[in-house]
Amino acid sequence: MSKNSAHRGTIRLRSAGLGRERWDVRPLHRRPLLAEAVEQELGGREGIRRVSANPVTGRILVHFDAGRYSAGQLKPHIEQALQQALLNALDVPQKDGEAAVPEWDPSFTARTAARLLDKDLVAVVGQGDALGGKLNKPVALSSLDALLKILSPVTLGILVATPLSNGFPLLAKIGLTTKTSQFVFLGASFLALKTAESYVDYRTSIAWDQYSQEAEKELRAKVFDKIQAMDSAYLEDQTPQKLMSIVDGDIDKIKEFLNFTPRTVLRKWLTIGVGTGVLAVVSPVSLLLTLLPAPYLYYLDREHHKNAGRDFGAVSIAKGKVNHRLSANINGAATVKSFVAEHREAAGLDAETDRLRESQAVAGKTNAKFLSKHVYAFTIGICAPLVYASHGMMSGRFSLAEVMVQMTLAPIMLEASTGMNQVQHQYQSAQQAARNIAELMAVEPRIVSGGKLLDRATVTGAIRFEKVDFSYGDTEIFRELDFAVAANQTIGLVGPTGSGKSTLIKLLQRFYDVNSGHILLDGHDLRDLNLADLRGSVGVVSQDTFLFNTSIYDNVLYGRPEASREEVMAACEAAEMMDFVNEQPEGFDTVIGDRGQKLSGGQRQRISIARTVLKDPAVLILDEATSSVDNETEAAIQRSMARLAEQRTTIIIAHRLSSVRNADCIYFLKDGAFHEQGTHAELLAAAGAYAQLWHLQVADGTVAVPETAQ
Ligand SMILES: Nc1ncnc2c1ncn2[C@@H]1O[C@H](COP(=O)(O)OP(=O)(O)OP(=O)(O)O)[C@@H](O)[C@H]1O
């Protein structure tokens, strides 16, 4: 058979219309990365307008200029795109200017695709030689374990046959001439083998556990480091659930795979290998009969996997819906109660649990059906070699010992030859998990620390924006923005929602880099500065305070972990939080709940201020820090913030203008540019947008001010 005919159908035209064709491209099946790469490769070719590759179906839909290609002419382009995508993925070096593989070679693609599958898993799990080397011990123990598991039942079989046998010449050769001595020897050997098996079994489990746990630990640390190093643009694009599913679910899948799959495969192959060797000597016919039912059992297994996948998928969806409703009800308990919706919610839950029960019943039936079929086929399957062996004994072809060997080996080998679907499933699931991890690890953070160190104690906090252009993707936010804040000055940033105030602060902390222009801190371009020094010099108190589910004390200490207890206390005094801390049941040791939900907005805000006081940054940013509290609490918080603002550069962002009234300069930002700037008095006198907003807020009571201040 020629190489090409062996791979006929790898790429096949499925349907065609004017300017569009759908192709079956088998190597894309279940390979999302490859599908994506082929989309790019093919999409870049002349006359191709749009390509969508579907890794679930292994099909590719191509829209093209009808005048450029006629029906079926796309095949060589798909072939080349596929091959090129594989070469790129494998980093195969290309000769200068030459196409890497000029001719389509399906067997190359099949081989390369197989390597590509391994590549992700190996790259993710391998992590250099360290873990690879640590495989020796579990592999050796597993092999020994598998060997013992097959030797002990065979020994038992021979032991049982001893009283009715004529004695074993092999044992006679080592001096065991009587049946009794052979019986005792075989009994002792069986006991020794079983004892060894039990011990080795235990050591094997531990060795694989250790191996997989170490892999999990290293992997989790690497993924966590990677996420920590990612820039804001990337993180804002991801949902927390997606990252959590990688850090948690995908790493778990790889751990489970490493813990169980290699040892299962080893055991199966060794059992089949050794069993085949022994049976081939005792009786090749018996070997054949033993393995005869294996393909049918494999088929049963495969069908079951398909059906179970479908049915248990439905169970998992139904379960997800029940859980979702339960968690929405628990989290939104107050809303449910206030709308007196308990009965409605209970009825909804009832319907969901009914659907769950129905789907579980279907899945249970599928399982039971499979089990009974499997047991039936298995039992009938092992009958054939056993009947053959018994008949052989009657006709004098086999001794009882030989029959016993066949009887013990047949079920063990048959069992070993089934269940490969499960192994395959575990492999595929680990592969997908490895792909997700590999994708994450391949993302390069765009914000990289500069080399210039800053002495945080001597930073003055002078800030300058020079002709700063910035956009989120295509959305332009700032164009040639210029402004400066002198050291120790306090400025206010106000303006309508969406005008770019928070973006300016993100740029100042280098969560994003400017498109062009410069932002300088103490005369240094932020991109040149060591990132930790830069961020250590800037402190932010925002409306969106994130607190950890630990004690009040630990949350404040987060600002500067090396601070002394006295320093923490002083920071808390400055934030005027001692009164409320003393009212808590356990004072500073009170644990404040997830995100600090056991505290009020104002109390959370004060912890956030104390944390920033402790950090003692040269530049202080107050981003809507008092927007969620009442006027009285605002006044108290502002006192603390005023203390915090002394001797440092402060930027106050606020919608409530009373928060910025005392600033040295107030900037009114609109559509990414400063429309007005000046002191409160100057801006009121100018009677522009700021003054208008101020009068509005005074009129509706948003700000409470003495008459003289108006
Ligand atoms: N991560 C992001 N990706 C894309 N666009 C963004 C992102 N963050 C903000 N924007 C957009 O940039 C513009 C400025 O947003 P920004 O948060 O800086 O405004 P703001 O003045 O702080 O608004 P507010 O007063 O409501 O907090 C808005 O149009 C917003 O939709």
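All ligand and atom numbering here is 1-based and tracks the order in the structure.
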With a heavy-atom distance limit of 4.0 Å, tell me whether Tyr512 approaches ligand 1 through its side chain, its backbone, both, or neither.
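The answer is the side chain of Tyr512.
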| field | Where Leu669 and Gly500 come nearest, the two heavy atoms and their spacing | value |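 Minimum heavy-atom separation between Leu669 and Gly500: CD2-C, 3.7 Å.
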Return the residue, atom name and 0.1 Å-rounded distance of the protein heavy atom closest to [atom].
atom	answer
atom 9 (C) of ligand 1	Tyr472 CE1, 3.4 Å
atom 24 (P) of ligand 1	Thr497 OG1, 3.6 Å
atom 1 (N) of ligand 1	Glu236 OE1, 2.5 Å

Could you tell me how the ring of [X] sits relative to the ring of [Y]: parallel (under 30°), tilted (30 to 60°) or perpendicular (over 60°)?
X	Y	answer
Trp694	Tyr690	parallel
Tyr512	Phe470	perpendicular
Phe483	Phe465	tilted

Verify the distance criterion only: is there a donor paired with an acceptor across the side chains of Asp664 and Gln489 at less than 3.5 Å?
-> no
Return yes if a side-chain donor-acceptor contact under 3.5 Å exists between Ser245 and Asp250, otherwise no.
no
Can you find an N or O of His655 that's nearer than 3.5 Å to an N or O of ligand 1? yes
- Task: Could you tell me whether some N/O pair between Ile477 and ligand 1 is separated by less than 3.5 angstrom?
- Result: no
> Does the protein put a heavy atom less than 4.0 Å from atom 31 (O) of ligand 1?
Replying inline: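 It does not: no protein heavy atom is found less than 4.0 Å away from atom 31 (O) of ligand 1.
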Does ligand 1 have any atom sitting under 4.0 Å from a heavy atom of Gly495? no
A student checking ligand 1 against Thr503 at a 4.0 Å heavy-atom cut-off should list atoms 14 (C), 15 (O), 16 (P), 18 (O)
Exercise. Nearest heavy atom to atom 14 (C) of ligand 1 wins, so pick from Gly498, Ala654, Ser502.
Key: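 When every heavy atom of Gly498, Ala654, Ser502 is considered, Gly498 comes closest to atom 14 (C) of ligand 1.
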From the list Arg50, Arg49, Arg45, salt bridge (charged side-chain N to carboxylate O under 4.0 Å, His left out) with Asp65 holds only for Arg49
